[in-house]
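Reviewing the structure listed below.
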Amino acid sequence: MSRAAGLAIGAVLALTAACQAPPQPDTASSLPAPPQARYVQVVSHPDDDILFMNPDLAAGLRAGRPTIGIYLTAGENNVAEPARYSAERQEGSRASYAQMAGKPNDWKRSTIPVGQGRVAELNTLRAAPDVKLVFLNLPENANARGGEHALTRLVQDRDGSVIVNTTVPVGAAVQHSQPYDRQAVIGALTTLLDRFQPTVVRLQDDQPDVRYQSHWGESHNHPDHVAGAVLAQEALAAHRPAASPPTVLTYRDYNVADAPSGLSEQDKRTTREAFAAYSAHDVLAHVGIYEKWSDRSAYRWPRRGRWAAQDASGGVQAFSVRAGALVHWTRTAEGTWRGPQQHPLPGPVRPQVSVLGDGRGRLTLVVQSEDGAHLFVKRQDGRGTWPRRWQLLDTPGGADPSQTGPPAGTVDSDGRVVLALKNAAGGVSIRREAAPGSLRWLPWTDLGGADVQDGLSVVPGRGGAVHAFAVTREQVLHWDVDWEVPRDGAARGEVVPIGAASPAGAPVAGRGRDGLLRLLVRTDRGGELVECALTPQGRWIGRGALPSPGGIGAPVLADPGPHGGAGLVRIARDATGTVHVAERAGAGGSWTDLGGAVTDHPAAVTEPDGDITLVGLGAHGELVVNTGAQGPAGLTFGGWHPAVTASPDSAEQAGWPDGGVEVRRIRPAPGESHGIDAITPADPATPEALP
């Protein structure tokens with residue numbers, strides 16, 4: 001990261017949708033097939049991955065996973081000797097990667113073609129050749145020698161008139177400067193993605209929370225971070241995967257310093273040690289803010305744990321958003337997994353998928369548009385078939401819909417879908433169906449709140465009521481929503497007593513076999529998880545704790561039902577991807593290490609006999625499962641294994657309609673006062689154009 005302030009980049013976030021098709025790689029011969037598990041991170045500066053993508057990055061390197069870092073700028077800053085300073089920062093990256101991989105800092109330095117006659121520097125760790133670094137050496141934001149605000153200007157350019165010239169670091173493998181316009185940058189990144197065929201891509205945040213980092217102007221982040229993420233997203237859209245599209249993980253950047261840390265002490269040490277290896281070569285990386293950054297890490301759009309559910313047939317359906325596609329697996333009632341199938345999406349969407357069951361097995365699928373302005377909804381019919389059309393719902397109004405958080409959902413005791421999210425003003429909004437199964441919606445209700453963070457939890461209450469949970473940077477808030485709440489934000493959330501700690505992650509709530517509603521949240525006390533229970537009389541009791549499992553992100557709760565030995569099963573993933581399970585919190589509570597490694601958060605499915613099946617994504621992008629059988633001593637898990645062993649089935653066999661995507665909004669009928677927008681299921685008319 002640069003230390004110099006940059007200009008505001010204004011409309012960077014709005015430019016993504018209008019991009020032209022980037023140039024394709026020179027040849028298709030570089031496409032490896034089939035692709036092996038491979039991680040690629042695209043960052044703007046030589047230390048961005050070390051600070052913001054750890055502890056995940058170090059864990060993968062320690063495990064020997066093929067990992068490639070791609071750096072957009074030379075990171076030269078506005079210093080007296082920019083070429084020398086750039087070379088020192090790149091040496092810092094090499095030293096840090098070698099340290100994280102546990103190998104000698106000895107690299108082969110060469111070049112790699114990136115299209116249209118251009119080349120980039122390629123570094124390969126000799127003792128671990130699957131570890132590589134690629135330096136494009138575009139000008140850094142603070143480069144006042146002709147490259148100032150280079151990435152921002154490239155993103156804003158629509159006609160190719162902006163040309164920037166690369167920096168040549170001292171001792172670089174590429175000893176000549178090269179011109180790039182916008183499409184050349186996107187083309188270079190696309191060429192590299194096509195060459196390396198990643199199964200997991202790590203990116204920076206292109207939609208930073210505007211409540212923080214105001215000293216960076218309208219970008220609320222380093223402008224290179226935002227602009228670089230926009231360019232990388234466009235390259236991903238043009239990327240040609242040999243198999244399934246990659247899983248994309250997006251990480252928060254500077255604004256992690258404005259929130260409590262949920263990292264364990266071990267994970268903090270991991271990042272500190274990796275950054276120390278880097279900062280030994282960067283004379284400007286020795287101020288206090290770096291400790292705040294290294295001690296914090298957060299996904300921008302975590303998937304959470306609601307992306308798989310049991311359907312009416314007794315089978316299971318699981319969904320994952322990949323780069324540009326919705327990937328779908330099904331498990332038959334007999335236990336055979338099928339898939340994956342790739343389905344087109346109604347537009348760019350955020351990674352989180354919610355699969356909501358109504359208690360009778362009829363599933364509802366919810367995703368959110370990438371700009372935050374819309375939710376897209378599908379619901380199975382009575383035969384378990386998914387309709388062709390997606391329903392379009394507007395999110396609550398706001399000046400900047402990108403600040404709307406991802407939705408949480410449930411089905412209430414009356415069978416109505418309920419959705420809740422952080423609105424663009426930083427409060428909580430909630431909405432439900434007008435009638436069970438209708439996909440006709442009452443208006444959004446503003447529950448109020450301030451400083452609410454992304455990631456809510458909603459669970460059914462009695463008589464159609466729901467319980468909604470959110471966290472601020474200081475408190476956990478709870479609303480008991482009975483739908484008599486006024487729309488002016490006058491509702492007040494009660495503070496959930498979690499002790500002296502501050503919440504450092506999204507809340508997760510669930511109701512166990514004992515009928516108590518339990519809340520679990522990660523805290524800033526070394527990532528410790530605090531749990532408390534709500535009685536039917538409305539009292540919070542039994543506050544307990546579990547030690548930090550490590551890693552980042554919220555835990556998952558699973559109700560084993562009447563046949564389970566535990567009231568509620570707690571599931572968490574650590575920095576290595578290993579999943580841990582605990583059947584109780586507080587005194588006597590401890591984690592059971594299930595081994596294996598999954599990408600992002602697993603989902604949990606309760607079987608009819610009380611067994612718990614965990615569903616995760618492996619590093620190859622494959623679906624992996626691990627079933628815990630009930631026994632006298634609790635759950636005994638059999639180990640992770642690939643879910644699918646046969647060839648993918650057709651989309652029709654998976655109950656998904658073949659063909660294109662249809663999206664339609666139905667305007668409120670005359671005299672309708674409750675603001676319904678919906679699809680009429682029986683109406684075969686051509687979809688209306690989106691506004």
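Values below: all heavy atoms of this structure, side chains included; hydrogens, waters and symmetry mates excluded.
In this structure, the side chain to side chain donor-acceptor pair (under 3.5 Å) partners of Asp56, at least two apart in sequence or on a different chain, are Tyr251, Tyr299. Legend: residues meeting side chain to side chain donor-acceptor pair (under 3.5 Å) with Gln41, ordered by chain and number and at least two apart, are Tyr97, Arg202. Among residues two or more places apart in sequence or in another chain, the side chain to side chain donor-acceptor pair (under 3.5 Å) test is passed with Arg513 by none. For Phe469, the ring pair (Phe, Tyr, Trp, His ring centres under 6.0 Å) partners at least two apart in sequence or on another chain are His478. With sequence neighbours left out, Thr578 forms a side chain to side chain donor-acceptor pair (under 3.5 Å) with Thr576.
Taking both residues in full, the closest heavy atoms of Ala509 and Ser457 are given as N-OG, 3.1 Å, listed atom of the first, atom of the second, then distance. When all heavy atoms are compared, the tightest approach of Trp329 to Val644 is CD1-CG2, 3.9 Å. Contact between Val471 and Gly505 at its shortest, heavy atoms only, is CG2-O, 3.5 Å. Nearest approach of Met100 to Arg62, heavy atoms of both residues: O-CG, 3.2 Å. Closest approach of Pro46 to Asp49, counting heavy atoms only: O-OD1, 3.4 Å. Nearest approach of Lys422 to Leu456, heavy atoms of both residues: N-CD1, 3.8 Å.
Without hydrogens or angle criteria, Arg570 side chain to Glu531 main chain gives no donor-acceptor distance under 3.5 Å. Not a single donor-acceptor pair under 3.5 Å links the side chain of Ser96 to the backbone N or O of Ser93. With hydrogens and angles ignored, the 3.5 Å screen pairs no side-chain donor or acceptor of His281 with any backbone N or O of Gln90. Here the side chain of Arg300 pairs no donor or acceptor atom with the backbone of Asp205 at under 3.5 angstrom. Looking at Ser44, its side chain does come within 3.5 Å of a backbone N or O of Asp224 through a donor-acceptor pair. Using a distance-only test at 3.5 Å, with no hydrogens or angles considered, no donor-acceptor pair links the side chain of Thr124 to the main chain of Arg126. Judged by distance alone, with hydrogens and angles left aside, the side-chain atoms of Gln213 form no donor-acceptor pair with the main-chain N or O of His222 at under 3.5 Å. Remark: side-chain polar atoms of Asp524 are not paired, donor with acceptor, to backbone N or O of Ala504 under 3.5 angstrom. Within the 3.5 Å criterion, the main-chain N or O of Asn54 finds a donor-acceptor partner in the side chain of Ser297. Looking only at distances, a side-chain donor or acceptor of Arg573 sits under 3.5 Å from a matching main-chain atom of Val598.
Residues Leu231 and Val42 are not in side-chain contact: their nearest non-hydrogen atoms beyond the backbone lie 4.5 Å or more apart. Considering only heavy atoms from C-beta on, Leu263 stays 4.5 Å or farther from Thr270 through its side chain. In this structure, Val556 and Leu614 have side chains that are not in contact, with every pair of non-hydrogen atoms separated by 4.5 Å or more. Counting heavy atoms from C-beta on, the side chains of Ile112 and Arg195 come closer than 4.5 Å. Side chains of Gln36 and Gln197 form no contact here, defined as non-hydrogen atoms less than 4.5 Å apart. Counting heavy atoms from C-beta outward, Leu51 and Val256 have side chains that stay 4.5 Å or more apart. Residues Glu88 and Asp282 form no side-chain contact, since every pair of their non-hydrogen atoms from C-beta on lies 4.5 Å or further apart. Between Thr199 and Thr599, the closest side-chain pair of non-hydrogen atoms is not below 4.5 Å.
Taken to the nearest 0.5 Å, the OH atom of Tyr278 stands 11.5 Å off from the CZ atom of Arg94. For the atom pair Ile571 CD1 and Glu583 CD, the distance stands at 10.0 Å (nearest 0.5 Å). Distance check: Arg303 CZ to Thr247 OG1 gives 5.5 Å after rounding to the nearest 0.5 Å. Rounding to the nearest 0.5 Å places CD1 of Ile68 at 7.5 Å from NZ of Lys132. Distance check, rounded to the nearest 0.5 Å: CG of Leu529 to CG of Leu546 gives 6.0 Å. Here the CZ atom belonging to Arg65 is positioned 13.0 Å from the CG atom belonging to Asp130, to the nearest 0.5 angstrom.
A donor atom on one side chain and an acceptor atom on the other are not found under 3.5 Å apart for Trp591 and Asp593. Looking at Gln453 and Asp209, their side chains never bring a donor and an acceptor atom within 3.5 Å of each other. In this model, a donor atom of one side chain and an acceptor atom of the other lie less than 3.5 Å apart for Arg350 and Gln207.
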Asp559 vs Arg511, salt bridge (Lys or Arg N to Asp or Glu O under 4.0 Å): CA-CA, chis, key distance, verdict
CA-CA 7 Å; Asp559 173 12; Arg511 194 178 299 278; over 6 Å; no

Assess the residue pair Arg543 and Val530 against the criterion (side-chain contact (heavy atoms from CB on, under 4.5 Å)); give the C-alpha distance rounded to whole Å, side-chain angles, the decisive distance to 0.1 Å, and a yes or no.
CA-CA 7 Å; Arg543 186 169 68 237; Val530 172; 3.8 Å; yes

Would Ile612 and Thr606 satisfy side-chain contact (heavy atoms from CB on, under 4.5 Å), going step by step from the backbone distance to the final call?
CA-CA 5 Å; Ile612 300 291; Thr606 300; 3.5 Å; yes

Is there a side-chain contact (heavy atoms from CB on, under 4.5 Å) between Arg304 and Val508 once you walk through the steps?
CA-CA 10 Å; Arg304 305 195 70 180; Val508 180; 3.5 Å; yes

Could you give me the CA-CA distance, side-chain angles and deciding distance for Trp307 and Leu617, then say whether side-chain contact (heavy atoms from CB on, under 4.5 Å) is met?
CA-CA 11 Å; Trp307 51 275; Leu617 298 176; 4.1 Å; yes

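The existence of a salt bridge linking Arg272 and Asp295 is confirmed by a sub-4.0 Å separation between a basic side-chain nitrogen and an acidic carboxylate oxygen. Checked for salt-bridge contact, Glu607 and Arg331 meet the test: a charged N lies under 4.0 Å from a carboxylate O.
Under the salt bridge (Lys or Arg N to Asp or Glu O under 4.0 Å) rule, Arg252 has a single partner from Asp258, Asp454, Asp48, which is Asp454. Of the residues listed (Glu273, Glu265, Gln266), the one engaging Arg269 in a side chain to side chain donor-acceptor pair (under 3.5 Å) is Gln266, and it is the only one. The only option from Tyr290, Tyr212, Trp293 that meets the ring-ring contact (aromatic ring centres under 6.0 Å, His included) definition with Tyr254 turns out to be Trp293. Arg322 pairs with exactly one of Pro246, Pro351, Pro340, Ser244 by the side chain to side chain contact (heavy atoms under 4.5 Å, CB included) rule, that one being Ser244.
Judged as a side-chain hydrogen bond (donor to acceptor under 3.5 Å, both in side chains), the pairs with a partner in residues 624-642 (not counting sequence neighbours) are, in order, Thr613-Thr627.
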